There are 2 protein chains.
Amino acid sequence: MDKKSIADPKGRSRPRVKIEDVAREANVSPATVSRVLNHPGIVRPELRDKVMRFITDLSYTPDSAARALKSGRMRTIGAIVPTLGLGIFAESVEALQNRLSESGYTLFIANSQYDQRRELQEMQSLIERGIDGIVLVGGSHGRELRTLVEQTGVPVITTYVSKAGGGIPAIGIDNERATREMTEFLLGLGHVRFGAIANILPSNDRSRARLDGIQRALSEAGIRLQPTQVIRADHSLAQGRKALRQLLTDHPATTAVICTTDTLAIGAMTEARKMGLSVPRAVSITGFDDVELAAQVDPPLTTISIPAAEIGRGAADYLISAIAGRPVPKSVLLPYRLVVRSSTTSPPKADRLPKRPR
Amino acid sequence: MDKKSIADPKGRSRPRVKIEDVAREANVSPATVSRVLNHPGIVRPELRDKVMRFITDLSYTPDSAARALKSGRMRTIGAIVPTLGLGIFAESVEALQNRLSESGYTLFIANSQYDQRRELQEMQSLIERGIDGIVLVGGSHGRELRTLVEQTGVPVITTYVSKAGGGIPAIGIDNERATREMTEFLLGLGHVRFGAIANILPSNDRSRARLDGIQRALSEAGIRLQPTQVIRADHSLAQGRKALRQLLTDHPATTAVICTTDTLAIGAMTEARKMGLSVPRAVSITGFDDVELAAQVDPPLTTISIPAAEIGRGAADYLISAIAGRPVPKSVLLPYRLVVRSSTTSPPKADRLPKRPR
DNA sequence: TTGTAAGCGTTATCAC
DNA sequence: GTGATAACGCTTACAA
């Protein structure tokens with residue numbers, strides 16, 4: 001019951017110092033102390049300095065609950081990511097958090113486990129907590145979430161994609177364009193027998209877009225990917241391995257395998273080697289994300305590098321502006337980068353001309 | 001200025017529904033509504049149900065700021081981790097978050113970048129926000145942080161270690177014992193020429209303890225590790241590679257390399273292969289953490305598996321109990337597990353007997 | 001068991 | 001430019 005007290009060195013607890021205490025010591029009104037803190041410009045410099053001294057002397061810190069109650073702002077941002085276990089999300093979240101704390105905001109983090117129902121729940125819980133803004137990942141979110149956003153008017157931004165449904169602004173890359181470029185790169189190398197490994201989930205529109213990019217580039221080149229040339233997999237190394245084995249069992253002539261994430265690609269490379277296939281000589285493999293490991297595996301992985309930290313910072317800046325009522329862009333398109341390493345090369349000579357094996 | 005309002009479908013904004021609105025509709029006093037929410041047991045069942053109906057009908061949600069102001073509890077926990085980029089932390093944090101949200105708590109996450117000053121700053125900022133409890137990683141935290149904890153009386157628990165300084169309770173494993181066991185395992189295999197790769201930082205007592213365990217087991221076996229047999233490295237694959245190269249350049253006869261994390265070990269394995277050394281035939285390499293990748297690399301890595309999710313859940317349970325004033329354990333020791341895979345074997349015959357090369 | 005009313009610590013609208 | 005004062009929405013003695 002000794003609400004908001006501070007235990008002093010001897011264990012006794014004294015009450016938290018409040019604005020009134022500072023006011024009394026400094027011989028001013030609480031209102032002035034509040035002004036010193038919130039609108040320093042409108043108070044006489046000498047008085048302001050004096051008050052400031054007492055604030056630091058008494059080590060007064062405003063009660064955030066009272067402040068929030070009065071002002072309606074919690075100075076708090078929420079982020080809902082599919083999982084923290086992916087280095088790529090972690091990097092954005094760290095950048096987001098760092099940028100926010102520079103501006104006096106604190107970050108709530110929730111994870112949805114790639115489940116739209118959980119995402120909605122977490123969103124509701126954040127809104128109930130009076131969150132000032134929300135960061136989401138990807139553009140597929142279900143109608144309920146979108147109406148929740150509209151009804152509450154909370155500023156929301158979605159990340160890793162270049163556009164999201166329902167008028168939600170986005171910051172990220174053009175996933176489809178990126179894999180299209182990757183595919184064109186492989187086509188340029190002379191590949192004609194492709195396979196794709198994708199972690200498709202209803203809530204994962206990044207992967208969906210990446211797969212679309214592959215198929216689009218291929219069909220523009222007159223190549224149609226059969227259903228069995230596209231393997232769905234959960235996002236893990238083990239699934240990447242399994243997917244590659246299945247793909248090469250069904251289509252042994254495949255010379256290029258495009259994966260929608262590095263994790264899948266690295267799993268696929270491991271399995272290829274285990275099957276006695278040299279990468280890239282027998283089969284070229286590509287990833288997406290450019291995680292730390294991608295450059296370190298053997299052979300180093302050809303992949304798409306995405307500006308994860310920049311996405312986090314950009315999301316922070318967007319929300320801070322939106323909350324302050326400043327004008328904000330509809331969405332922000334960031335550049336990705338095709339990083340060519342050693343997991344890709346031209347196909348074995350015999351395969352360069354489409355010579356269908358019987 | 002339309003504080004806490006909700007934009008209705010047409011864009012007009014109506015005020016947030018509050019406890020008084022529910023009370024009026026239900027023909028009861030605000031106090032009753034509050035009681036229904038906070039102490040359902042003490043209100044007559046029929047009345048309670050009736051009020052509940054209005055609460056859901058009006059979709060009333062208590063204002064958390066007002067609630068916090070009045071009750072002194074924010075229903076919020078903070079976690080300060082060195083970095084989110086490590087899968088092993090991410091796993092604990094997710095488990096922590098999931099357990100907390102089951103109990104109506106929300107999680108603030110901050111990252112310290114392995115910097116004690118930043119950790120202190122984040123801690124202060126969390127405390128100013130009226131956080132109810134804090135999760136830390138590791139046991140080395142600087143005096144200032146410890147006095148802050150004592151003075152404010154905020155419940156704190158530290159994770160991944162079995163004991164922390166300054167009377168802060170801990171939940172985790174015995175890092176030193178784990179590497180001692182690992183070292184004894186390698187000794188049992190017949191190794192006598194060891195090397196260690198450790199990511200030592202002042203703030204990282206886990207690594208310190210792990211290194212101590214190695215040295216202790218070795219010295220009990222009559223083997224002394226020379227300074228050049230212990231390579232310090234930052235925590236990255238690239239540094240693991242570099243460290244291995246240096247170690248084997250200075251001590252080419254080394255047959256066993258113990259690393260304090262899987263990341264370092266995997267980097268070391270990559271480099272060993274590049275140097276033309278077979279793992280484990282020429283050199284055995286071990287890790288620590290048992291990340292997903294450890295089982296997937298070639299050869300699969302012998303390592304120590306730590307119960308990351310359990311640490312997260314345990315930390316949540318601890319804090320929830322502590323906040324509720326229930327009795328809590330001084331600290332919790334969790335079991336680790338030595339996972340023997342294929343990156344370790346007996347040393348080449350010639351090396352089994354300590355036969356010093358000139 | 002339920003209602004009344006007094007704050008919780010702050011900010012903002014008034015006067016001065 | 002500064003000082004009273006009235007909320008902000010809720011919880012909890014205390015009274016009924």
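We name chains A, B, ... by the order of the sequence lines, and we start the count at 1 in each one. Note that the structure is a prediction, hence the values are computed from the model and not measured.
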Carboxylate-amine/guanidinium contact B:Arg99 B:Glu102, below 4.0 Å:
yes
Atom pair distance, as rounded to whole Å: CG in B:Leu37 and P in D:dT12:
12 Å
Nearest-Å distance for atom pair NZ/C1', residues B:Lys18 and D:dC8
8 Å
Taking the side chain of B:Ala66 as heavy atoms from C-beta outward, which of D:dT11, D:dC8, D:dC10 is closest to it?
D:dC10
So, B:Glu150 and B:Arg146, do they make that salt bridge, N to O below 4.0 Å?
no
Pair B:Arg129-A:Thr106, side-chain donor/acceptor within less than 3.5 Å:
yes
Donor-acceptor pair, A:Glu119 side chain versus A:Ile80 backbone, under 3.5 Å?
no
Take atom CD of A:Glu20 and atom C1' of C:dC8, then tell me their distance rounded to the nearest Å.
12 Å
Mind calculating the distance between CZ (B:Arg24) and P (D:dG9) to the nearest angstrom?
13 Å
Are A:His141 and A:Gln116 linked by a side-chain donor-acceptor pair shorter than 3.5 Å?
no
With B:Asn38 via side-chain contact (heavy atoms from CB on, under 4.5 Å) - residues at least two apart:
B:Ser34, B:Arg67
Is the distance from OP1 or OP2 of D:dT11 to the nearest side-chain N or O of B:Arg67 less than 4.0 Å?
yes
Think B:His39 has a side-chain N or O under 4.0 angstrom from the OP1 or OP2 of D:dT12?
yes
d(CD1, B:Ile19; P, D:dT12) in whole Å
11 Å
How about A:Tyr160 and A:Phe89: are their ring centres within less than 6.0 Å of each other?
yes
Specify the separation, in whole Å, of atom CD1 of A:Ile55 and atom C1' of C:dT10.
13 Å
In whole angstroms, the gap separating C1' of C:dT10 from NZ of B:Lys70 amounts to 15 Å
Salt-bridge present (A:Arg24, A:Asp21; N to O < 4.0 Å)
yes
Could you give the angle between the helix axes at the two ends of the helix from C:dT1-D:dA16 to C:dC16-D:dG1, with five pairs per end, rounded to 10 degrees?
40°
Do any N or O atoms of the protein come closer than 3.5 Å to N or O atoms of nucleotides 1-5 of chain C, and which pairs are they?
from	atom 1	to	atom 2	distance (Å)
C:dT2	OP1	B:Arg44	NE	2.8
C:dT2	OP1	B:Arg44	NH2	2.6
C:dT2	OP2	B:Arg44	N	2.8
C:dG3	OP2	B:Ser29	N	3.0
C:dG3	OP2	B:Ser29	OG	3.2
C:dG3	OP2	B:Thr32	OG1	2.5
C:dG3	N7	B:Arg35	NH2	2.7
C:dG3	O6	B:Arg35	NH1	3.2

Nearest-Å distance for atom pair CG/C1', residues A:Asp63 and D:dC10
14 Å
With a 4.5 Å heavy-atom cut-off, do A:Ile127 and A:Ile134 have their side chains touching?
yes
